[in-house]
Amino acid sequence: MSNNIKIKTLSSLEKIYHGDTLPLNDYSGFSMLINEKKSFQIAIECENEFSGYISFYSKIQNIKLYSVEYIKSDFPMSKGADDYYRFSDDGYYPDLLLPINNQINFKKGLNLFWVEVIGDKTSIGENTINISIFDNEKIIGETNIKIETIDCELDFNNFIYTCWFHTDCLMSHYNVDVFSDEYWRITENFLKTANEYGMNCVLTPLFTPPLDTETGKERPTVQLVDISFTNGQYSFNFDKLTQWIEMAHKCGIEYFEMSHFFTQWGAKHAPKVMATVDGEYKKLFGWETKATSKEYKKFLKDFSVELKKYLEKSNLKDKVLIHVSDEPNFSMLLPYSKASKLIHKLYKEYKIVDALSDVWFYKLGIVSSPIPSNDHIDKFLGKTENLWTYYCSAQNKKNVSNRFFCNSSLRNRVLGYQLYKFDIKGFLHWGYNFYYTQLSKAVIDPYKVSDAGGKFPSGDSYVVYPAKDGTTYHSIRLKVFYDALQDMAALNTLAKMTNKTECLNIIEENGKYSITFSDYPHSDKWLLSTREKINCKIKENIK
């Protein structure tokens, strides 16, 4: 049976939805730096289904191939969202990337593949990747793409990126016990992927993190600090924390974001704290503990003394972030203020950060290092040094960057130019691998439920999928977000060769655009061509 196919190369920003036709134009190629990962796509339209394979011929050695799989979304976007959504109906969206080694079962119609190219010194200069499609050892389609590797490195310039890492979700999905050998193996696998795609800071569960938990309920215990309470005295063992830090360092993690000392959304209660009390392992504090209780304050004071000794002995004092409570709003000003005052007193020589969007918390001196959402960050610009930003499910309006299934990939990636322009020092997101429904009421299968049980727009709560062997499968969103970080890093590289003004002239085309967190060209061509201009200037300035 004859099998006519059509083949096109596409950029990594192109999203092909069900019902889309094959794009008319090929993506001709791109440039990259030697420590960069870059991607493109191959779209193949088949007249009939067949079993075959894709072959690459190039002097570039590190080329990875994935099939693009579609994941169901029952809740792709919130009501009242802005106009810049590529597709907004419930249905199936391109997201999961499954690695391919040999045989591929091509289906009739459109087949989509993702190709990742990893630069190194062996590929410096101009390269061509020749792509051949085989059916029964017969070539039935060919194309190619041009790639130039520039002999220069990305400069991430001490940027800190954390995407909250939920080990209890791994325990629940894989049905493993906390701190078992399997727990550590799987956790290391997931953390290694996180670091490979830009994450250099990890949420560290001193106690079980009090995040997205239903009032009065609790998440599985993942507490790293062993506590004993005997005859009114606390003692602390940090052996598990040491194991965690050693594992994280092995994965490339540099910074440690300590779990919050008070419950989310207002700091009204203590997190779940487990301890051995007179020989019995039990819950010491939790929802029944008011944040202002004398017992919890004494505990925090005693714990801070020992934790600080441990961190300073481990040379981690400058690598630690301390949290009070996540996302307080103005109605929670009083309880949060009391909690924050205590933590600032106990950890006055440490960096204390919290995600919040009300500028009054900063103006009143209640939080020293705020992390505002990207739809509220304008109020903070120019008012504080070392500014971070974040987004989550709430940032579905005002045209700001986000990573939902139904966002264009451009909207995910444009963040890199924004981070550079406004000298943002860090980025936080709450969902690296959150495999629960909202408020952690039930476990979900992320291959079947992508919206936390219909509560968060699909794409908000995780960026990796759990493989059966305890490793990760990637998402398109994971790789595109890393492209954003790489764009920022390329601008850092160029700025050290020239200056920031020249970099801004490139991304804003000498005043044609004024890039903000909510205003930028909605054009794949603009973003991609701008990155090529950055690379061209880097190449010109290499000494």
Side-chain angles (χ1 to χ4, degrees), residues 162 164-171 176-181 183-184 187-188 191 201-211 213 218-249 253 255-264 267 269-289 291 293 295-317 319-326 339 342-343 346-347 349-353:
T162 180
W164 285 351
F165 195 89
H166 304 275
T167 57
D168 56 346
C169 291
L170 299 181
M171 290 161 50
V176 298
D177 294 329
V178 67
F179 306 132
S180 64
D181 289 346
Y183 166 92
W184 288 109
T187 297
E188 183 174 330
L191 195 54
C201 177
V202 63
L203 180 66
T204 298
L206 298 174
F207 316 119
T208 300
L211 300 169
T213 307
E218 61 183 51
R219 291 172 62 161
T221 300
V222 291
Q223 178 177 318
L224 287 170
V225 180
D226 289 325
I227 303 168
S228 295
F229 186 63
T230 306
N231 298 324
Q233 298 295 319
Y234 295 106
S235 62
F236 305 97
N237 184 298
F238 296 106
D239 287 352
K240 292 189 182 74
L241 178 59
T242 297
Q243 187 174 354
W244 174 274
I245 290 168
E246 289 175 349
M247 174 201 65
H249 279 154
I253 299 298
Y255 300 93
F256 297 88
E257 179 189 11
M258 300 305 178
S259 54
H260 302 68
F261 287 121
F262 298 90
T263 51
Q264 197 170 24
H269 302 275
K272 178 173 68 170
V273 178
M274 302 296 292
T276 300
V277 181
D278 297 325
E280 180 186 358
Y281 190 65
K282 60 189 289 186
K283 185 164 65 173
L284 192 63
F285 302 110
W287 284 109
E288 65 281 0
T289 309
S293 73
E295 294 81 4
Y296 188 55
K297 286 182 177 180
K298 180 183 185 308
F299 168 80
L300 287 177
K301 181 178 179 181
D302 291 352
F303 178 67
S304 70
V305 172
E306 298 305 315
L307 179 63
K308 287 187 291 185
K309 286 180 183 177
Y310 171 82
L311 294 174
E312 288 163 23
K313 183 179 179 181
S314 304
N315 295 316
L316 289 172
K317 181 179 177 181
K319 303 295 184 179
V320 165
L321 306 175
I322 301 294
H323 280 304
V324 180
S325 172
D326 185 51
L342 175 61
I343 297 303
L346 296 178
Y347 295 92
E349 296 178 352
Y350 286 75
K351 186 170 183 177
I352 301 170
V353 302

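Starting from 1, each residue takes its place in the sequence as its number.
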Side chain to side chain contact (heavy atoms under 4.5 Å, CB included) between L241 and L206, intermediate numbers included: CA-CA 7 Å; L241 178 59; L206 298 174; 4.0 Å; yes
Pair T204, W244 - check side chain to side chain contact (heavy atoms under 4.5 Å, CB included), show working. CA-CA 8 Å; T204 298; W244 174 274; 3.1 Å; yes
Test side chain to side chain contact (heavy atoms under 4.5 Å, CB included) on V353 and I322 and set out the steps. CA-CA 6 Å; V353 302; I322 301 294; over 6 Å; no
Steps toward side chain to side chain contact (heavy atoms under 4.5 Å, CB included) verdict (L321, I352): CA-CA 6 Å; L321 306 175; I352 301 170; over 6 Å; no
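Looking only at side-chain heavy atoms (C-beta outward), T187 and M247 come within less than 4.5 Å of each other. Using a 4.5 Å cut-off on side-chain heavy atoms (C-beta onward), T276 and F229 make no contact.
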Report, one line per pair, each donor and acceptor closer than 3.5 Å where one atom sits in a side chain of residues 305-316; sequence neighbours left out.
unit_1 : atom_1 : unit_2 : atom_2 : d
K308   : NZ     : L346   : O      : 2.7
Y310   : OH     : T242   : N      : 3.4
Y310   : OH     : T242   : OG1    : 2.7
E312   : OE2    : Y350   : OH     : 3.2
S314   : OG     : Y310   : O      : 2.8

Under 3.5 Å donor-acceptor pairs involving side-chain atoms of residues 277-289, not counting sequence neighbours:
unit_1 : atom_1 : unit_2 : atom_2 : d
K283   : NZ     : E218   : OE1    : 3.3
W287   : NE1    : K217   : O      : 2.7
T289   : OG1    : G286   : N      : 3.1

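By the ring-ring contact (aromatic ring centres under 6.0 Å, His included) test, F256 is found to be paired with H249, residues two or more places apart in sequence or in another chain being considered. Residues meeting the ring-ring contact (aromatic ring centres under 6.0 Å, His included) test with F261, sequence neighbours left out: Y347. Residues satisfying the ring-ring contact (aromatic ring centres under 6.0 Å, His included) criterion with F179, sequence neighbours excluded, are Y183, W184. The side-chain hydrogen bond (donor to acceptor under 3.5 Å, both in side chains) search around E349 returns K317, not counting sequence neighbours. In this structure H260 satisfies the ring-ring contact (aromatic ring centres under 6.0 Å, His included) test together with W164, H323, sequence neighbours excluded. Applying the side-chain hydrogen bond (donor to acceptor under 3.5 Å, both in side chains) rule to T162 yields the partners E257; only residues at least two apart in sequence or on another chain are considered. For T221, the side-chain hydrogen bond (donor to acceptor under 3.5 Å, both in side chains) partners are K272, not counting sequence neighbours. The salt bridge (Lys or Arg N to Asp or Glu O under 4.0 Å) search around K319 returns E254, not counting sequence neighbours.
What you find for T213 and R219 is that their closest heavy atoms are OG1-CD, 3.3 Å. When all heavy atoms are compared, the tightest approach of V222 to T208 is N-OG1, 3.1 Å. Closest non-hydrogen pair, F207 versus P271, comes out as CD1-CG, 4.4 Å.
The distance from atom CG of N237 to atom CG of L224, rounded to the nearest 0.5 Å, is 11.5 Å. Residue L191 holds its CG atom at 10.5 Å from OG1 of T167, rounded to the nearest 0.5 Å. Note that the SG atom of C201 and the CD1 atom of I253 stand 7.5 Å from one another [nearest 0.5 Å].
For residues 296-305, the set of pairs meeting the side chain to side chain donor-acceptor pair (under 3.5 Å) definition, not counting sequence neighbours, comprises K298-D302. The salt bridge (charged side-chain N to carboxylate O under 4.0 Å, His left out) contacts involving residues 223-241 comprise D226-K240, where partners must be two or more places apart or lie in separate chains.
Checked against a 6.0 Å centroid threshold, the rings of Y234 and F299 count as neighbours.
Formation of a donor-acceptor pair under 3.5 Å by the S325 side chain with backbone atoms of T263 is found in this model. Remark: side-chain polar atoms of Q223 are not paired, donor with acceptor, to backbone N or O of V273 under 3.5 angstrom.
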